[in-house]
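Some notes on the structure that comes next.
Convention: sequence-line order gives letters A, B, ...; per-chain numbering from 1. Quick caveat, the model's predicted, so the values are computed rather than measured.
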There are 2 protein chains.
Amino acid sequence: MIVRQAANVLEIMEFFAQTRKPATLAEIADHFGWPRSSTFNLLATLSEKGYLYEPRPRAGFYPTPRWLAMARMISEVEPLPPWTHTLIADLSAETGETASIVAPAGVMAVFIDVVESQAAIRYFATIGHRVPIHATASGRALLLQYSQEERDSVYRKIEFKQYGPSTPISIEAVEIELRNSIARGYCQSFADYSRDLAGAAIPLPIGDRRLSVVVAGPEFRIGPKVPEVAALIARTVDRLRPKTTAA
Amino acid sequence: MIVRQAANVLEIMEFFAQTRKPATLAEIADHFGWPRSSTFNLLATLSEKGYLYEPRPRAGFYPTPRWLAMARMISEVEPLPPWTHTLIADLSAETGETASIVAPAGVMAVFIDVVESQAAIRYFATIGHRVPIHATASGRALLLQYSQEERDSVYRKIEFKQYGPSTPISIEAVEIELRNSIARGYCQSFADYSRDLAGAAIPLPIGDRRLSVVVAGPEFRIGPKVPEVAALIARTVDRLRPKTTAA
DNA sequence: CAGATAAATTCACATATATGTACATTTTCC
DNA sequence: GGAAAATGTACATATATGTGAATTTATCTG
């Protein structure tokens with residue numbers, strides 16, 4: 001079950017992150033199609049808690065810097081080492097595609113850092129983006145780091161859906177693909193989950209955290225180059241990862 | 001009316017900002033005294049939206065860097081000029097008290113930047129902290145920047161309460177205090193709102209934004225020094241504010 | 001400066017939603 | 001290695017909550 005008002009808080013904040021300017025109650029209500037009265041209650045709650053203020057009289061609400069202060073607190077803990085961002089920045093620059101660092105979240109994989117392609121046709125992904133762990137290159141690069149028991153536990157919760165022609169729709173299919181990935185030396189996906197999308201990924205354990213790096217883009221562009229992209233990822237990780245802290 | 005689940009989202013995030021480590025469903029539910037099932041729904045919603053993930057298997061949830069990305073987006077807009085932070089840092093260092101930048105939010109004043117005193121007994125305030133605009137030095141320094149009509153409009157919404165012995169409990173009392181502040185050259189408060197708390201503030205218009213600077217601390221320590229603290233604030237603003245962009 | 005128009009706020013009620021209970025799964029401890 | 005404890009998940013139901021309509025307040029326009 002989705003908690004509506006919790007989701008609404010996130011939507012409001014995303015709204016501000018997009019528009020980047022103060023908005024009045026009416027503007028917000030109209031934008032989301034929410035009743036004025038409900039919007040009023042939500043804004044009042046956020047203001048009450050010190051997360052919204054009125055920068056100028058009658059110019060509407062805007063988030064206080066408290067969001068930033070809180071987010072900084074949260075993200076200071078075990079931040080990703082700086083070289084991981086360099087990694088995806090370099091990969092994106094060299095390949096012209098979108099590169100990301102990915103982490104597990106139950107049966108899903110979450111993008112925790114992203115450098116987007118600059119191409120007109122690109123894989124559009126943002127931090128926080130989620131994809132099925134079993135049906136994506138990045139996700140399978142995470143599964144490779146699990147023990148058999150841990151994988152089984154995840155499998156039990158997966159709802160196998162035919163997202164695309166090549167989606168693995170059984171535990172065996174996933175396990176086979178994992179074995180192939182080991183043999184191949186990297187994980188790949190050709191529209192397993194998203195139409196027209198292909199990508200290459202490898203595991204990226206950091207400390208005791210299980211992460212992965214992925215480069216993905218439109219199938220017609222990246223498809224034929226997947227092996228060399230995978231090799232490039234491996235080389236770039238080797239180059240950037242500090243030798244002393246290597247897992 | 002307060003929107004409970006909206007407030008709960010904020011509480012959860014504040015919880016993570018404090019503990020700075022992943023937490024399981026059970027830990028969160030117990031900490032807040034929430035039912036497991038409700039906590040489950042909330043965490044599911046936040047995860048679904050890409051704001052929570054599971055860094056390590058079975059180690060619980062933690063916010064994704066998406067919070068930081070979003071907060072950065074929001075705060076990039078008209079950030080406070082860097083000298084304002086220097087301002088309160090210097091003031092706090094010189095006086096040993098807590099110094100803040102404050103902005104209006106209806107009948108309240110919000111702390112949008114804070115440098116805390118290092119003293120054992122100190123004014124404890126954080127970014128997002130809210131105080132009544134009419135019953136605090138910082139708030140009155142904001143009101144001084146309003147036109148008479150704008151002030152009247154604010155007054156109509158104020159619920160006058162006797163927070164302390166010297167709280168102004170009528171429009172006239174507030175207006176008189178404002179006139180006194182102008183004559184005096186700064187705003188002051190002696191436990192008008194919080195017990196044992198005294199402070200000095202002056203308006204700090206930046207562009208078309210109406211802000212104020214305040215230095216506040218325990219009455220016994222800062223009380224006798226309020227005039228010199230006020231003079232120090234004025235001098236420090238003069239020193240740090242760029243001449244070219246002065247309002 | 002009225003009169004009109006739009007926005008913000010309040011409130012009572014129907015309905016969407018949080019939760020108690022039951023079940024499944026995982027982990028801990030002996 | 002097996003039983004007990006803890007944790008995570010699903011669902012029906014009573015109730016807390018969101019909302020439409022009415023009221024008040026602010027803003028625009030001629």
Per the under-4.0 Å heavy-atom filter, residues of residues 9-26 of chain B near DNA chain C come out as none
Using whole Å, report how far [atom1] of [X] lies from [atom2] of [N].
{"X": "B:R156", "N": "D:dT25", "atom1": "CZ", "atom2": "C1'", "result": "8 Å"}
{"X": "A:E54", "N": "D:dA26", "atom1": "CD", "atom2": "P", "result": "13 Å"}
{"X": "B:K157", "N": "D:dT24", "atom1": "NZ", "atom2": "C1'", "result": "11 Å"}
{"X": "B:L43", "N": "D:dT7", "atom1": "CG", "atom2": "P", "result": "14 Å"}
{"X": "A:E150", "N": "C:dT26", "atom1": "CD", "atom2": "P", "result": "12 Å"}
{"X": "A:F61", "N": "C:dA8", "atom1": "CZ", "atom2": "C1'", "result": "9 Å"}
{"X": "A:L52", "N": "C:dA8", "atom1": "CG", "atom2": "C1'", "result": "16 Å"}

Checklist entry - Are the aromatic rings of A:F160 and A:H134 close, with centres under 6.0 Å apart? => result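 Yes: the rings meet the under 6.0 Å criterion.
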Do [X] and [Y] touch side chain to side chain, with heavy atoms closer than 4.5 Å?
{"X": "A:V213", "Y": "A:T84", "value": "no"}
{"X": "A:L87", "Y": "A:V237", "value": "yes"}
{"X": "A:F111", "Y": "A:V131", "value": "yes"}

inquiry  = Mind checking if B:R36 touches a base, just sugar-phosphate, or nothing, with heavy atoms under 4.0 Å?
reply    =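 Result for B:R36 = base.
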Quiz item: Which is it for B:W34 and B:L42 under the side chain to side chain contact (heavy atoms under 4.5 Å, CB included) test, yes or no, and what are the steps along the way?
Solution: CA-CA 11 Å; B:W34 295 340; B:L42 232 195; 3.8 Å; yes
Sidechain-backbone polar pair: B:R241 side chain, B:L204 backbone, donor-acceptor under 3.5 Å:
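A pair under 3.5 Å: no.
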Whether each nucleotide of nucleotides 17-22 of chain C has a protein heavy atom under 4.0 Å at its base (B), only at its sugar-phosphate (S) or at neither (-) is summarised, 5' to 3', as SBBB--
(Q) Please determine whether a side-chain nitrogen of the Lys or Arg among A:R210 and A:E150 lies less than 4.0 Å from a carboxylate oxygen of the Asp or Glu. (A)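 Salt bridge flag = yes for A:E150 with A:R210.
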Original post:
Between B:E177 and B:R184, is the closest basic N to carboxylate O distance under 4.0 Å?
Top reply: yes
Assert: residue with more 5' nearest nucleotide on DNA chain C, out of A:F40 and A:S153, is A:F40
- Determine, step by step, whether A:N8 and A:Q5 satisfy the side chain to side chain donor-acceptor pair (under 3.5 Å) criterion, reporting the C-alpha distance in whole Å, the side-chain angles of both residues, the deciding distance to 0.1 Å, and the verdict. CA-CA 5 Å; A:N8 288 351; A:Q5 292 294 27; 2.8 Å; yes
